[in-house]
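Contents: one structure, followed by commentary.
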Amino acid sequence: MMALKAVHVSDVPNLDQVPENPSFSLYSTRFSKGVELGRSAYRIPKFLVIGHRGHGMNVLQSSDRRMRAFKENSISSFDAASCFPIDFIEFDVQVTRDDCPVIFHDDVILSEENGTVFEKRVTDLTLSEFLGYGPQREPNKQGKPLLRKIKNGNIVNWDVETDDTLCTLQEAFQQVSPSLGFNIELKFDDHIVYDQDYLFRVLQAVLQVVFEYANDRPIIFSSFQPDAALLVKKLQSTYPVFFLTNGGTEIYYDVRRNSLEDALKLCLEGGLEGIVSEVKGVFRNPGAVTKIKEAKLSHLTYGKLNNVPEAVYMQNLMGIDGVIVDLVKEISEAVSNMIKPLKADEGESLSEGVEAKPQFSPRELAFLWKLIPELIEL
């Protein structure tokens with residue numbers, strides 16, 4: 001699985017001819033309902049609100065009960081998010097040792113047996129082993145206790161108000177409302193250099209499930225792993241691929257990950273459709289947003305600031321296309337109130353589907369302009 005040096009997609013021959021699997025070629029020219037994809041640009045038709053890991057990520061040490069309401073990356077969390085006026089849910093996909101795409105964020109699973117904590121890498125588990133953690137589908141059956149390491153290094157029980165079983169990508173397609181789009185993050189370990197053969201095997205397993213079960217559901221692929229993002233773009237032309245980046249808020253050995261400008265270069269060279277960046281990187285480097293828009297790339301953001309309505313307002317004004325959020329209810333309501341049609345007597349003629357810019361009171365504008373320098377310094 002691991003290579004001594006990075007293998008870039010540009011070094012891999014004849015990727016345009018793969019895969020040969022009939023299910024891939026069957027869907028190679030079908031596009032998702034509700035998105036527009038042209039030769040030069042993928043256009044998002046409205047400001048998107050995307051539920052982070054479904055209804056929101058779990059922050060087990062937080063005093064905010066909303067961060068522990070539903071087990072993240074679970075069917076329960078996805079269903080809860082679908083109750084609000086959002087467009088997509090975002091979730092993390094890894095592939096087990098026996099080639100089954102499963103939904104889980106962390107690189108490793110922690111459990112406890114006889115007072116000893118065990119740590120196992122998700123990708124080293126079989127599907128059966130993976131599903132053996134946490135609540136079980138069978139009545140009266142107990143799975144292995146699921147623990148989690150929090151930021152301070154402590155290991156805690158993964159306790160949430162509404163728990164659920166771990167799930168596969170196929171189950172998400174089969175059980176979640178088909179009107180809800182999927183932002184599928186292709187998850188890889190930041191500390192591992194993957195060889196091309198491994199990336200190909202993993203992406204092929206994911207695409208097999210997507211093409212079999214997606215039907216007309218809108219899909220966006222994204223990944224922090226540059227070669228995975230480039231490769232999934234080469235393997236299919238049906239769904240847009242976005243490159244995930246911290247936008248310079250963290251520094252990595254792979255220089256393609258270290259700025260919005262580097263992300264823009266990668267997208268243009270690899271024919272990707274957009275960027276998903278940490279929101280702090282956007283506020284620190286607003287000029288890059290203009291460059292991304294001029295390149296006709298879509299631009300989404302993620303991060304804690306996206307749970308602040310005012311920060312979301314500012315991004316809409318800057319031209320960001322959507323936000324990935326934890327507080328699905330609050331932010332979806334704020335966005336619904338923010339974007340309102342112009343009145344007929346305002347002298348504006350709006351074509352169908354075009355939204356007005358948000359309207360702010362003097363008090364709200366004063367608050368926003370005060371907020372900007374604080375955000376830039378974060």
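Everything numeric here is computed off the predicted structure, so don't read it as measured data. Counting from 1, the numbers follow the sequence of the chain as shown.
The minimum heavy-atom distance between Phe224 and Asn246, with the atom names listed, is CE2-N, 4.2 Å. When all heavy atoms of Tyr194 and Gln225 are compared, the pair lying nearest together is CD1-NE2, 4.1 Å.
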For this session: Start with the C-alpha gap between Ile184 and Tyr239, add the side-chain angles, then the distance that decides, and say whether side chain to side chain contact (heavy atoms under 4.5 Å, CB included) holds.
Result: CA-CA 11 Å; Ile184 299 174; Tyr239 301 109; over 6 Å; no

Exercise. Run the side chain to side chain donor-acceptor pair (under 3.5 Å) check on Asn306 and Gln315 step by step: do they pass?
Worked result: CA-CA 9 Å; Asn306 281 350; Gln315 293 178 75; 2.7 Å; yes

Problem set entry | Candidate pair Asp321 and Lys293, rule salt bridge (Lys or Arg N to Asp or Glu O under 4.0 Å), full reasoning | CA-CA 10 Å; Asp321 295 299; Lys293 300 303 290 186; 3.2 Å; yes

For this session: Show your working on side chain to side chain contact (heavy atoms under 4.5 Å, CB included) between Val209 and Thr168 and close with a plain yes or no.
Result: CA-CA 10 Å; Val209 173; Thr168 67; over 6 Å; no

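More than 12 heavy atoms of other residues, nucleotides or ligands lie within 6.0 Å of CG in Asn152, so this atom counts as buried by the packing criterion. Counting non-hydrogen atoms of other residues, nucleotides and ligands closer than 6.0 Å to CD of Gln142 gives a total of 12 or fewer. Around NZ of Lys120, the count of heavy atoms belonging to other residues, nucleotides or ligands within 6.0 Å does not exceed 12.
Between the side chain of Arg121 and the backbone N or O of Asp107, no donor-acceptor pair lies under 3.5 Å. Formation of a donor-acceptor pair under 3.5 Å by the Ser223 side chain with backbone atoms of Leu186 is found in this model. Proximity of a side-chain donor or acceptor of Gln236 to a complementary backbone N or O of Lys234 within less than 3.5 Å is not detected. Asp189 places a side-chain N or O within donor-acceptor distance of the main-chain N or O of His191, the cut-off being under 3.5 Å. A donor-acceptor contact shorter than 3.5 Å links the side chain of Asp98 to the backbone of Leu127. Formation of a donor-acceptor pair under 3.5 Å by the Gln136 side chain with backbone atoms of Lys144 is not found in this model.
Remark: Glu250 does not engage Arg257 in a salt bridge, criterion side-chain N to carboxylate O under 4.0 Å. Salt-bridge formation is detected for the pair Glu72/Arg148: a Lys NZ or Arg NE/NH1/NH2 atom is positioned less than 4.0 Å from an Asp or Glu carboxylate oxygen. In summary, Lys265 and Glu261 do not engage in a salt bridge, as defined by a charged side-chain N under 4.0 Å from a carboxylate O.
Each of Arg68, Arg65, Lys71 was scored for a salt bridge (charged side-chain N to carboxylate O under 4.0 Å, His left out) with Glu161, with one residue passing: Arg65.
Residue Ile75 holds its CD1 atom at 4.5 Å from CD of Gln175, rounded to the nearest 0.5 Å.
Side-chain polar atoms of Ser179 and Ser177 form a donor-acceptor pair below 3.5 angstrom. Checked by atom type, the side-chain pair Tyr253/Asn258 shows no donor-acceptor distance below 3.5 Å. In the model, Ser77 has no side-chain atom that pairs as donor or acceptor with a side-chain atom of Asp164 under 3.5 Å. There is no side-chain donor-acceptor pair under 3.5 Å between Gln204 and Asp99. A donor and an acceptor atom, one from each side chain of Ser62 and Asp64, are nowhere located under 3.5 Å apart.
Between Tyr213 and Phe173, the angle of the ring planes stays under 30°, which puts this pair in the parallel group of the 30/60° scheme. Ring geometry for Phe130 versus Phe104: interplanar angle over 60°, hence perpendicular rather than tilted (30 to 60°).
The same ILVMFWY cluster, assembled from side-chain heavy atoms under 4.5 Å apart, contains both Ile192 and Val206. Connection of Leu207 to Val102 is not established within any shared hydrophobic cluster, with ILVMFWY side chains joined at heavy-atom distances below 4.5 Å, either directly or through further cluster members.
Two rings, from Phe182 and Phe91, have their centers less than 6.0 Å apart.
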